[in-house]
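The structure appears below as structure tokens.
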Amino acid sequence: MKAAKTAILLTLPALMVGCGGSGGSGSSGGNNGGTTPTTYTWQFVQMKELPKSAMEQFCGVGNATVFNIDDSDSDSSNWLYTFAAKAPNISDVIVYNADGSLANSSLDKFDINQTNGTLTFTENDVPDGGYLVIVDSSNSIDNVLSVEKDAIQNFVVKVNREQGQQSCLTGGSLINESRLKKVNTGTFNGIVTTSVEGYVDGKSTKDSGTIKADIEVLATNESLLLSGYNASSEVIGYKFINKSELSDNSSSTPNTVFLDPIFDNKTIDFTNTVGAVFGSLTMKAIYSGLTFDWYDWTTEANSFTTSAPDTSSIDYSSSYKGTLNGWSVDHNSVLENAANNVSLAALDMPTQPVSLDCSGTNCYFSETDVTSLNSELNTIRLSSGNARYALVSTGNALVPKITNVTYPDSSTTISSKMLLSENSSVELRKAFLVNDTTRNYDPSADYIELLAMPSDDLQHRVTIASYDYTFISK
């Protein structure tokens, strides 16, 4: 099990590398009017976990992109570093038409760069409505990734097949500053507890002490949030500070930063779905390219109000977590006004399990079996015999038939995640696809997974907090 705190962090949704620029869906242009077709690059990697000395022997000193560190051992020489080796050895690359038949495409596994482990292709290599399929056979398990054409972006793709000695993925690490920090919180009348929140450690426990010590910060620039609370645990003071305003942990007289009083409020009128189970509601603050947990509630109510400064430098959103009919629900709403309405009344997931439709030539996952709401993107996982399928689609997901790979049937258990949104974007789709493979990424022994580079996690968090959407999963 991974330790709760890492010495080097990861991140996410520029999750993508190679062609296409800063996290876009590919190189410029579509294929209309004679323009250049969009180009995509998939970077294949195999995740490895070794002590630092062994990692540096494998990759070279200081070369590897570190995705996670298990620092649970008291001896730092035994800490386990998760890093990525490039993976050029892929069992198969297959292109399918929308109906599940083999497409007339020249793209295959021999197009994978045997030095870099990259597959570069254009939109013309996959027919409209078709699928690009990766097969990764490892230890008698066939791992299959199928991505519908309209869901294709630039991806980092984790496979499980042993790659042997390969060069390592470099760049994109998110590194902590080596020295811990400290700050003294200057309060005013009415404040009885305070907290500090940063990227590395998250929000500290509220306590009556004003000195906040042992603060971990990023080696890059970072802002932190100091908060003050009254006797009812309501936030009444705040200050965003730059890490340069912190003192070294060894300082006997740390810098004092005074909190500002708050004179404005945010109200969230909340309507849940009949039968839903409330988990929590958190108001997020977005400031200087970072997100912060401004205030949270764990008891359901029809209305929630908290103090929050009304200033153009801070944006807010609400993040709800709960369940409905066995489905996990994560809902985000942008809070643009002093009074805001958040309604989940339209959610309509079924109580009965969802199964594949195998009445035709191929098996399908039908999104309308789950909800009548607009689904932007779906990811499906299923296991059938020695096969592990991961399907990504913008609508109903076809399960491709692959020679010598076990095929599912209507009794096969599936797990699904869906992005419900009326105003989605390329960035939000990326964030959805890598939402469970970002900070503190723990690779799955089975299944092909889509990853984000560690240094992308900061922007990923902002993206996740900046749209109206619902993630549902079961």
Legend entry - Non-neighbouring partners of Asp468 that pass side-chain contact (heavy atoms from CB on, under 4.5 Å), sequence neighbours left out: Ser333, Val334, Asn423

Legend entry - Donor-acceptor pair between Glu367 and Asn396 side chains, under 3.5 angstrom: no

Legend entry - Polar contact flag, side-chain donor to acceptor under 3.5 angstrom, Ser195-Tyr229: yes

Inset, instruction - Would you kindly say whether Ser372 and Asp348 are connected by a side-chain donor-acceptor distance under 3.5 Å? - result: yes

Legend entry - Heavy-atom donor-acceptor pair, Trp294 side chain to Tyr316 backbone, under 3.5 Å: no

Legend entry - Leu145 side chain near Lys158 side chain, heavy-atom distance below 4.5 Å: no

Inset, instruction - Please confirm whether the backbone N or O of Asp357 pairs with a side-chain atom of Ser410, one donor and one acceptor, at under 3.5 Å? - result: no

Legend entry - Backbone N/O of Lys109 and side chain of Asp92: donor-acceptor pair under 3.5 Å: no

Inset, instruction - Using side-chain contact (heavy atoms from CB on, under 4.5 Å) as the criterion, list what pairs up with Gln46, not counting sequence neighbours. - result: Lys48, Glu162, Gln163

Inset, instruction - Check the pair Cys363, Tyr407 against side chain to side chain contact (heavy atoms under 4.5 Å, CB included), reporting the backbone distance first and the verdict last. - result: CA-CA 9 Å; Cys363 291; Tyr407 201 68; 3.7 Å; yes

Legend entry - Pairing residues for Ser232 by the side-chain contact (heavy atoms from CB on, under 4.5 Å) criterion, not counting sequence neighbours: Asn230, Glu234

Inset, instruction - Provide the full list of salt bridge (Lys or Arg N to Asp or Glu O under 4.0 Å) pairs with a residue in residues 295-304, sequence neighbours left out, each pair given once. - result: none

Inset, instruction - Can you measure from OH (Tyr199) to CD (Glu222) and round to the nearest 0.5 angstrom? - result: 9.0 Å

Inset, instruction - Could you pull out all residues at least two apart from Lys321 that satisfy salt bridge (Lys or Arg N to Asp or Glu O under 4.0 Å)? - result: Asp330

Legend entry - Arg381 side chain to Ser415 side chain, donor-acceptor N/O pair below 3.5 angstrom: no

Inset, instruction - Might you work through the side-chain hydrogen bond (donor to acceptor under 3.5 Å, both in side chains) test for Tyr467 and Ser425, ending with a clear yes or no? - result: CA-CA 9 Å; Tyr467 289 87; Ser425 69; 2.9 Å; yes

Inset, instruction - To the nearest 0.5 Å, tell me how far Asp315 CG sits from Thr291 OG1. - result: 12.0 Å

Legend entry - Residues Thr118 and Thr120: side-chain donor-acceptor under 3.5 angstrom: no

Inset, instruction - Just jot down the salt bridge (Lys or Arg N to Asp or Glu O under 4.0 Å) partners of Lys243, sequence neighbours excluded, or say none. - result: Glu177

Inset, instruction - Nearest 0.5 Å please: distance from the CG atom of Leu344 over to the OG1 atom of Thr470. - result: 6.0 Å

Legend entry - Check against side chain to side chain contact (heavy atoms under 4.5 Å, CB included), Asn143 and Val135: CA-CA 6 Å; Asn143 299 293; Val135 183; over 6 Å; no

Legend entry - Test side-chain hydrogen bond (donor to acceptor under 3.5 Å, both in side chains) applied to Asn386 - qualifying residues, sequence neighbours left out: none

Inset, instruction - For Trp297, check ring pair (Phe, Tyr, Trp, His ring centres under 6.0 Å) against everything at least two apart and list the hits. - result: Tyr295, Phe304

Legend entry - Side-chain H-bond candidate by donor/acceptor type, Gln459 with Thr463, under 3.5 Å: yes

Inset, instruction - Identify the heavy atoms of Lys417 and Ser473 that sit nearest to each other, and give their distance. - result: CG-CB, 3.5 Å

Inset, instruction - Verify side chain to side chain contact (heavy atoms under 4.5 Å, CB included) between Ser416 and Thr379, making sure each step is shown before the conclusion. - result: CA-CA 6 Å; Ser416 58; Thr379 60; over 6 Å; no

Legend entry - Backbone N/O of Leu373 and side chain of Thr371: donor-acceptor pair under 3.5 Å: yes

Legend entry - Between Tyr320 and Asn272, a side-chain donor and acceptor under 3.5 Å: yes

Legend entry - Check: Ser137/Asp142 side-chain N/O donor and acceptor closer than 3.5 Å: yes

Inset, instruction - Please tell me if the side chains of Ile414 and Ser355 come closer than 4.5 Å, counting only heavy atoms from C-beta onward. - result: no

Legend entry - Contacts of Asn374 that satisfy side-chain hydrogen bond (donor to acceptor under 3.5 Å, both in side chains) - sequence neighbours left out: Glu376

Inset, instruction - Keeping the roles fixed (side chain from Ser173, backbone from Val66), state whether a donor-acceptor pair exists under 3.5 Å. - result: yes

Inset, instruction - Mind checking salt bridge (Lys or Arg N to Asp or Glu O under 4.0 Å) for Arg161 and listing every partner two or more places apart, or none if nothing turns up? - result: none

Legend entry - Residues Glu449 and Thr437: side-chain donor-acceptor under 3.5 angstrom: no

Legend entry - Any residue meeting ring pair (Phe, Tyr, Trp, His ring centres under 6.0 Å) with Tyr389, in chain and number order, not counting sequence neighbours: none

Inset, instruction - With rounding to the nearest 0.5 Å, note down the distance linking CG in Asn68 to CE in Met47. - result: 9.0 Å

Legend entry - Set of salt bridge (Lys or Arg N to Asp or Glu O under 4.0 Å) partners for Lys203, sequence neighbours left out: Glu197

Legend entry - Close side-chain approach of Phe270 and Asn341, heavy atoms under 4.5 Å: no

Inset, instruction - Could you grab the distance from atom CZ of Arg429 to atom CG of Leu419, nearest 0.5 Å is fine? - result: 8.0 Å

Legend entry - Atom pair CD1/NZ of Ile112 and Lys86 - distance to nearest 0.5 Å: 14.0 Å

Inset, instruction - State whether the side chain of Ser227 and the backbone N or O of Tyr238 hold a donor-acceptor pair below 3.5 Å, judged by distance alone. - result: no

Legend entry - Between Thr305 and Thr267, a side-chain donor and acceptor under 3.5 Å: yes

Inset, instruction - Determine whether the side chains of Asp446 and Ser444 contain a donor N or O and an acceptor N or O closer than 3.5 Å. - result: no

Inset, instruction - Check whether the ring centres of Phe471 and Phe432 lie less than 6.0 Å apart, and answer yes or no. - result: yes

